Enquirer: 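Below is the structure I would like to discuss, written out as structure tokens.
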Amino acid sequence: MSLRRDVRHGLRIGRAEFVRSVRGYASETRRVVGLLLLALVFGGNLLFSLPVVYVAGRRAQSVTEIPLFGLVATAVPVVLTLLATFRTLERIGRVEHESLVLTTVHPRAVVVGLIAAEVGRIGLWFGLPFAVVAATFTAGLGAPSLLVTAVAVVAPLACCTTVWGYAAGVAVLRGFERLPGVRRTLKVVGFVAMAGLVLVSQSFGRSLADGSLPVDTLAATLTFDPLADYLALAFVGTPLARPFSAPAVATLAAIVALTPVGLVVATRQASALWFTDHATGGDRGSAASAKADGSHGGFSTPRPLAATKGGHVAWGLLVRGVRHPQKFTHLVMLVFFLGPLGTTIVQSSADGLGPILAASGAGLGTYLAGATFGLNPIGDDRPQFPLLLLTATAPRTLVRGRVLAGAILGVPVAAALPLATVALGTPPLSAVAFALVGVFMCLAAAAFAVGLGAAYPIYEEREFWGATTVVPSTLVLMAFMFVVGPGTVIGLVATWFGVTGHLAPTPLLAAGLGLYLLLTVGVSYGSYRYAIRRYRTYTFD
Amino acid sequence: MPSTNADAAIEAVDLRKSYGSEVALDGVSLSIPSGTVYGFLGPNGAGKTTTMRILTGLSQPTSGSVRICGLDVSDRGKLAPHVGYLPETPPLYDEFSAREQLDYVADLRDIPAETAEARIDDLLDRFGLVGDANKRIGTYSKGMKQKTAFIQSVLHEPDVLFLDEPTSGLDPRAARQIRTSIGDVAASGSTVFLSTHILPVVEAVADEVGVLFDGRVVAEGTPDEVKSRAQTGGEGSLEDAFLAVTSDETRLTGVADE
């Protein structure tokens, strides 16, 4: 098939995939509401930043005056490539219904289609805010042509980096297919790396703000001048224009030459991935992997869980979780909250380190107890409901088992980490108090989570890093964090003041403490009862 | 092993497929003439779907070769117009309506717009889907999905049509519609490679039958030939023959060597 035909087919596939995505976004009212909320939050921030952008445009006299232009110009292709690689790993490494598409068109058309759809999706998410910022800057500068030249300069770079990022992502997926052990290891490494990145970015931001970071030296070291020269071409025809430079033109030539090469490499990589069946994804069979996995003996619940039906249910959840850890991808959200906390820990004095770690351990255990199994109980259990709801096991046992599973995971963390920090100087009394509060919070969080999750179940499976799984709603996860987070912090702070003798026993304090306990226990128990009711009255409508 | 036949619509020679130490196909050879409805039978896990993926070029054999209409299946560009494939799970997009889905596939198949429109209208009408053609596929019943997927697999009038369990889970009326359509496709000169567990369907439409067991073709011929080879007593059904040739004894004695 000719290149022209493949590109045409690719664009058709891209259009179809894009339309499917948009219809998916708008398929449910709750998704639309979530998107509107997102637009409200980020749109507000954007609006407030526009005057600054406008003034920057008014004041800009030359490209060199744009802060960190060289560094940003160097970072743009790196970030775009990494983004494409990540999205390939996460989503676009395979096309849905391969058997249809791959028996219909050339794989090159599929690669073009997947990349085109992804560019469309990214354009939908980021294009509008980017266009608004660019238009505001252009208005400040008084040079409308900048909008056109910027697109003309950025588009080839975006195409090139996207194609190569896609090729890199598919190459990584092929590596995963050949070495499944590496996939598992890299997921752990990836999680740790992401946590590290958040921590570093927090520190970087602070250092940038307080001027302690040698920005100029850093920029001089990391800037790749030919790229900066190339991106400066976007300012042709504006007061900021630089004279044409040979490196800029050479960079443009390299970008134009590398794009088709990247497409060839990406197509070969993708063909090798799609037509080689180590595969377990897509709509291919997984006979090989199914044969490789297995277990011996029956389902035997260890003591003391074996003593109750709820214990059996909890053990079943734990076993399934261990065998399919992708179910817990939503827990990654915690990373974004680790940043400020991590910076605080790093900057805390030696005296404060132990107690802060102890409190963090209690908080982490609380988070795990609620968020791991509790935030989408009905969505998780629905495929089995025709069995579960018609057995002699009462709904309360199913819910209790889920709470128990969360507690089994969270309580050891909440208890052990505070106690371990005694070695770092935490007074034993404080460590024990934090551990006890942590255990109490774990139970409360696990009970609260099941009700919250039952109120807003998610049934649709999503693909994440090649694993198809049902994850809780982001709104539910955020609500859980906004309720349990402050609640836990209040409890831990009060505990700290209590054990260090900073709280005098007054009627007001007793009333406050009573109200806090009443709310914590009451809300959690109410939520737990609500989950049971949802299970009891569940119908497949 | 059948001899190489230049007129064969499907020609597979000594296909082997291994997943590590697991052997999925062990020397499968097929030579299926044009215009034949070939019933491909076998118990679960015998390797039927693996064979179909290899025959459609979606998977590569560990060794062996496949030609469809004289074309090597590795040449996908040339192969695509000649084959239609309906896998067990209908490859449909829930976010599209049936008409959008079929328009989309027609686009990708380079069927001229007017021809595509006429064919789509005709097929939707024949399968009783006209009234629902503009509804999203996500709202369809299993039967409606299967019929839509069948239409999309024959939309470009392929020379060879691969069907994997096309009537599984359908009500009798929908199953009969599909079965009748298989006959129509064959009558138009196309070859149909039909994999199914529903043996009455095979008896009703197949000219030839191949039985796959443990990665090997253990019986092949017309339904009557397979019945007689399986020594079911002459009056036995295809089901009796199937059970006979896929018994453990077969594995030991090798019926296919006949």
Side-chain angles (χ1 to χ4, degrees), chain A residues 1-6 8-28 95-110 113 177-178 180 267 271-272 274-280 282-292 460-461, chain B residues 17-22 24 44-45 47-50 52-62 68 73-97 100-101 103-110 136 138 149 152-153 155-156 158 162 164:
Chain A
M1 291 184 186
S2 68
L3 175 64
R4 182 181 293 181
R5 181 192 290 183
D6 288 343
R8 183 164 52 78
H9 285 160
L11 294 178
R12 184 69 184 86
I13 292 170
R15 184 153 59 94
E17 292 291 319
F18 180 73
V19 167
R20 290 181 58 218
S21 296
V22 172
R23 288 183 181 176
Y25 301 147
S27 62
E28 292 176 46
V95 63
E96 198 177 342
H97 297 314
E98 287 177 359
S99 57
L100 167 68
V101 183
L102 296 179
T103 55
T104 306
V105 296
H106 192 280
R108 182 167 51 194
V110 183
E177 296 278 358
R178 286 178 178 276
T267 303
S271 296
W274 295 335
F275 295 105
T276 305
D277 31 12
H278 307 282
T280 54
D283 56 7
R284 288 153 186 264
S286 56
S289 65
K291 282 172 184 166
E460 300 85 12
E461 291 187 328
Chain B
K17 180 73 179 178
S18 308
Y19 298 97
S21 60
E22 297 287 339
N44 292 330
K48 298 190 299 297
T49 300
T50 302
M52 293 187 94
R53 285 195 188 120
I54 291 174
L55 296 181
T56 51
L58 287 172
S59 180
Q60 293 167 345
T62 308
I68 301 291
V73 290
S74 60
D75 190 348
R76 297 190 191 98
K78 288 184 179 163
L79 180 71
H82 296 280
V83 299
Y85 178 31
L86 172 58
E88 192 171 358
T89 305
L92 302 168
Y93 298 109
D94 285 352
E95 300 85 355
F96 287 165
S97 68
E100 284 175 329
Q101 172 87 25
D103 279 344
Y104 174 52
V105 173
D107 252 9
L108 296 184
R109 294 275 187 198
D110 287 333
R136 296 274 166 88
Q152 86 177 359
S153 68
L155 197 56
H156 59 300
F162 293 91
D164 196 350

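Since the structure is predicted, the reported quantities are computational estimates derived from the model, not experimental observations. In the text below, chain A, chain B and the rest are named by the order of the sequence lines, each starting its count at 1.
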Enquirer: Would you say the side chain of A:Val105 lies within less than 4.5 Å of the side chain of A:Asp6, judging by non-hydrogen atoms?
Expert: no
Enquirer: Tell me, side chain or backbone of B:Phe96 under 4.5 Å from chain A's heavy atoms, or both, or neither?
Expert: both
Enquirer: For the interface with chain A, which of B:Lys17, B:Glu88, B:Arg136 has the highest count of heavy-atom pairs at distances below 4.5 Å?
Expert: B:Arg136
Enquirer: Can you tell me which of A:Arg8, A:Arg15, A:Arg23 forms the most heavy-atom pairs within a distance under 4.5 Å of chain B?
Expert: A:Arg23
Enquirer: Find out whether A:Leu100 and B:Gln101 are in side-chain contact, i.e. whether some heavy atom of one side chain is under 4.5 Å from a heavy atom of the other.
Expert: yes
Enquirer: Strictly by modelled atom types, are B:Asp110 and B:His156 linked by a side-chain donor-acceptor pair under 3.5 Å?
Expert: no
Enquirer: For B:Thr56, is it the side chain, the backbone, both, or neither that has a heavy atom closer than 4.5 Å to a heavy atom of chain A?
Expert: both
Enquirer: For the side chain of B:Tyr93 and the backbone of A:Glu96, is there at least one donor-acceptor N/O pair under 3.5 Å apart?
Expert: yes
Enquirer: Heavy-atom distances under 4.5 Å only: say whether B:Leu79 touches chain A with side chain, backbone, both or neither.
Expert: neither
Enquirer: In the structure I gave you, are the side-chain heavy atoms of A:Arg108 and A:Leu3 within less than 4.5 Å of one another anywhere?
Expert: yes
